[in-house]
Amino acid sequence: MEEYKLIDKLFKYREEDGIKDIQEDMSLLKNRVKGIKREEIESLISDVPQGNKEKILSNIDNLIADYNIMLAYYNKKYYKQGFEDALEIGRKCR
C-alpha cells in the first residue's frame, strides 16, 4: 500500500503545481456556454420578467459549475489511473 501513498503524494504535488492553470481554466469556462458569453444570454432573455431572468441566469451558472465539478473529478480520476498504469508498465519493463 506504500506505493499508493506515493502516488497520492505525487498527484497532490502535481495538482498544487497546476492549481493556477486550473483556476484560470475554470474561470474561463464558467462564463461561457458553447462559445456564447453570459452577456449574450442576458440579451436573449431581456424580455423575461426580472425575477425569472435572475432564476434562469442562476440556473445557467449552476449548470456550468456542475459541469466544471464533474470535469475536474473525471480529469483527476483518469489522470491518476493513467499515472498508475504508467508506473505499472515501467515496473514490467525492468
Side-chain angles (χ1 to χ4, degrees):
M1 284 298 157
E2 184 62 35
E3 72 183 62
Y4 289 107
K5 290 180 184 177
L6 175 60
I7 289 170
D8 287 337
K9 287 177 186 176
L10 290 171
F11 182 79
K12 184 73 174 166
Y13 172 77
R14 176 66 177 103
E15 185 177 45
E16 290 171 358
D17 188 41
I19 197 73
K20 183 178 177 187
D21 291 335
I22 291 168
Q23 289 172 337
E24 288 175 6
D25 291 343
M26 291 184 81
S27 175
L28 175 67
L29 290 173
K30 188 175 185 321
N31 294 321
R32 300 180 66 88
V33 177
K34 291 190 176 187
I36 298 173
K37 294 183 180 177
R38 192 176 199 279
E39 294 81 25
E40 292 176 50
I41 294 170
E42 289 174 342
S43 174
L44 290 170
I45 61 172
S46 62
D47 294 335
V48 174
Q50 187 61 30
N52 290 339
K53 184 189 312 184
E54 293 305 317
K55 188 182 250 185
I56 291 168
L57 291 172
S58 175
N59 284 338
I60 290 170
D61 285 341
N62 289 338
L63 177 66
I64 293 169
D66 286 348
Y67 282 129
N68 285 337
I69 290 167
M70 288 186 285
L71 286 171
Y73 168 79
Y74 286 117
N75 284 339
K76 181 177 180 179
K77 177 181 177 180
Y78 294 116
Y79 175 83
K80 196 172 180 183
Q81 283 179 349
F83 190 73
E84 290 172 354
D85 291 345
L87 289 176
E88 184 64 26
I89 289 169
R91 270 195 296 263
K92 288 182 179 182
C93 290
R94 288 186 199 184

(request) Sequence neighbours left out, what passes side-chain hydrogen bond (donor to acceptor under 3.5 Å, both in side chains) with Asp61? Give chain and number order. (result)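 Asp61 satisfies side-chain hydrogen bond (donor to acceptor under 3.5 Å, both in side chains) with Arg38 only.
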(request) Please examine the side chains of Tyr78 and Gln81, heavy atoms only from C-beta on, and report whether any two atoms are closer than 4.5 Å. (result)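 Side chain of Gln81 against side chain of Tyr78, heavy atoms only: contact under 4.5 Å found.
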(message) I'd like to check Met70 versus Tyr67 (side-chain heavy atoms, cut-off strictly below 4.5 Å). Are they in contact?
(response)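 Contact flag for Met70/Tyr67 side chains = yes.
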(message) Same cluster or not: Leu63 versus Ile41, using hydrophobic residues (I, L, V, M, F, W, Y) connected whenever any side-chain heavy atoms lie under 4.5 Å apart?
(response)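 Different clusters: Leu63 never reaches Ile41 through Ile, Leu, Val, Met, Phe, Trp or Tyr contacts under 4.5 Å.
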(request) Indicate if Ile45 and Ile64 have the same hydrophobic cluster label, given that clusters are the connected sets of ILVMFWY residues with side-chain heavy-atom separations under 4.5 angstrom. (result)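 Yes; tracing contacts between hydrophobic side chains, which count when under 4.5 Å, links both residues.
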Between [atom1] on residue [X] and [atom2] on residue [Y], distance to nearest 0.5 Å:
X     : Y     : atom1 : atom2 : answer
Glu88 : Cys93 : CD    : SG    : 10.0 Å
Ile56 : Glu54 : CD1   : CD    : 10.0 Å
Lys92 : Leu87 : NZ    : CG    : 12.5 Å

(request) Would you confirm whether Ser46, through its side chain, and Ser43, through its main-chain N or O, come within 3.5 Å as a donor-acceptor pair? (result)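 Yes; at least one donor-acceptor contact below 3.5 Å.
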